[in-house]
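Some notes on the structure that comes next.
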Amino acid sequence: MRDPVSKKQACSLSPGETVIGRWHGNRYSIVKELGRGATGTVFLVRSEKGLAALKAGSDAMSITSEVNVLQHFSKVQGEYLGPSLFDVDDFTVKEGTYPFYVMEYIEGEEVIPLLRNKGEEWAGILAVQLLGDLDRLHQAGWIFGDLKPENLLITGPPIRVRWFDVGGTTRTGRAIKEFTEFFDRGYWGLGGRKADPGYDLFAVAMILINSAYPSRFERAGNDNLALLIKKVAEKPSLIRFERIINRALTGQYREAMEMRRDLMEEIGSSSGSKRREPPQRMPAFIRSSPSASLPAAPTRKAHKKERRTLRKRSSGLIETVLVAAFLLLGYALYLFVQIM
Ligand SMILES: Nc1ncnc2c1ncn2[C@@H]1O[C@H](COP(=O)(O)OP(=O)(O)OP(=O)(O)O)[C@@H](O)[C@H]1O
């Protein structure tokens, strides 16, 4: 067996190469490199069970910490919290030994290009999904930390937001492990880096802002909140979320579900007022939510039903009057016979 590689050495493997896990003996054939991050290189691989994503890094501690998070995710109720974990092992190549893990391959589109194609109004809908998943994560005692469009992929149809980079995921109450300035409330001077739900909700607000400013922007001056709110007010796609974004930026939401509810109400009310569309037209994943009961404008079907109910009610009244008249007539006849 060779020594572990130096911590700085990124793992490079070429398509067609095969790596074999030292302990479990599973074989993975490299299809292509998917990307490189701070903790390792991710490859698309073919395994006995089909396509998967293999992450190999030189720092065993970082790989182990990501594996721990993925293992915890698998215990969190629901199917969408991070990719499923398939294998943890290490392999040896000529440079040395790399620890690695294999996870579900999430085949999807990146957020910002998708919004460019589908329209920025989808940003709110994706945020609603994301907040549902974040709520489950928070309930389980974790904060995502490094939440940003680069760590999300959109799968489907039906469209579904998934996250994959769990390197920044931190236990509630600890210091945030990894962050990206634009999405970090510390950078904007709007809060600390202690892991709490508000940290992730701040990042969701920044993802909404990022959807309208794909190239992002930097902080300036002392009043960063004023700058962010000004940026929101300048984009028609963001104005309707102004109140919600403001609340998230200033830490007024205590939990993801509160922010989700506000977003859903906003999306529901603006789709109703602008297009006069009944909420049935909203994507299924929003409709299926128990809190998704949006006030609906009466439809033609509803009017018909109402008319039918009225008709039924009036015919019932006539029936009652006829029966009463019949009984009265019978009683009058009975009295008449008795008198005679
Ligand atoms: N499970 C997965 N399914 C599909 N693609 C993935 C998966 N995991 C990672 N990738 C791809 O590999 C790239 C590198 O991922 P990785 O999580 O290592 O780093 P990163 O997010 O780019 O960087 P950092 O860890 O420094 O934040 C990602 O940009 C993504 O495109």
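Order of listing sets the numbers, starting from 1, for every ligand and every atom in it.
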One residue to check: [X]. Relative to ligand 1, which of side chain, backbone, both or neither has a non-hydrogen atom less than 4.0 Å away?
X	answer
L44	neither
A38	both
I106	both

Candidates [options] - the one meeting side-chain contact (heavy atoms from CB on, under 4.5 Å) with [X]:
X	options	answer
V102	N26, L85, D87, V88	D87
L130	I207, D135, I125	I207
L249	V232, I244, L228	L228

Below the 3.5 angstrom mark, is there an N/O of [X], backbone or side chain, next to an N/O of ligand 1?
X	answer
Y105	no
E104	yes
N151	yes

- [ ] Check whether the side chains of T18 and R46 place a donor and an acceptor atom closer than 3.5 Å, and report yes or no.
- [x] no
TODO: Scan side-chain atoms only and decide if T97 and T92 contain a donor-acceptor pair under the 3.5 Å cut-off.
DONE: yes
Give me the nearest non-hydrogen protein atom to [atom] as residue plus atom name, then the distance to 0.1 Å.
atom	answer
atom 25 (O) of ligand 1	D165 OD2, 2.9 Å
atom 13 (C) of ligand 1	G35 CA, 3.7 Å
atom 22 (O) of ligand 1	R36 O, 3.8 Å
atom 19 (O) of ligand 1	G37 CA, 3.4 Å
atom 12 (O) of ligand 1	V42 CB, 3.6 Å
atom 16 (P) of ligand 1	K55 NZ, 3.6 Å
atom 9 (C) of ligand 1	F164 CD1, 3.4 Å
atom 5 (N) of ligand 1	L34 CD1, 3.7 Å

TODO: Determine whether N210 and F183 make a side-chain contact, defined as any pair of heavy atoms from C-beta on separated by less than 4.5 Å.
DONE: yes
TODO: Could you list the atoms of ligand 1 found under 4.0 angstrom from a heavy atom of M103?
DONE: 1 (N), 8 (N)
Task: Atom indices of ligand 1 within 4.0 angstrom of A53 heavy atoms, with elements - done: 1 (N), 2 (C)
Sidechain N-carboxylate O distance under 4.0 Å for [X], [Y]:
X	Y	result
K230	E234	yes
K118	E109	no
D262	R247	yes

Task: Proximity flag E110 to ligand 1, non-hydrogen atoms under 4.0 Å - done: no
Task: Validation row, ring centre F182 to ring centre F217 under 6.0 Å - done: yes
- [ ] Would you sort out whether E150 and R216 count as a salt bridge (charged side-chain N to carboxylate O under 4.0 Å, His left out), showing the intermediate values?
- [x] CA-CA 13 Å; E150 294 89 319; R216 298 175 194 170; 3.0 Å; yes
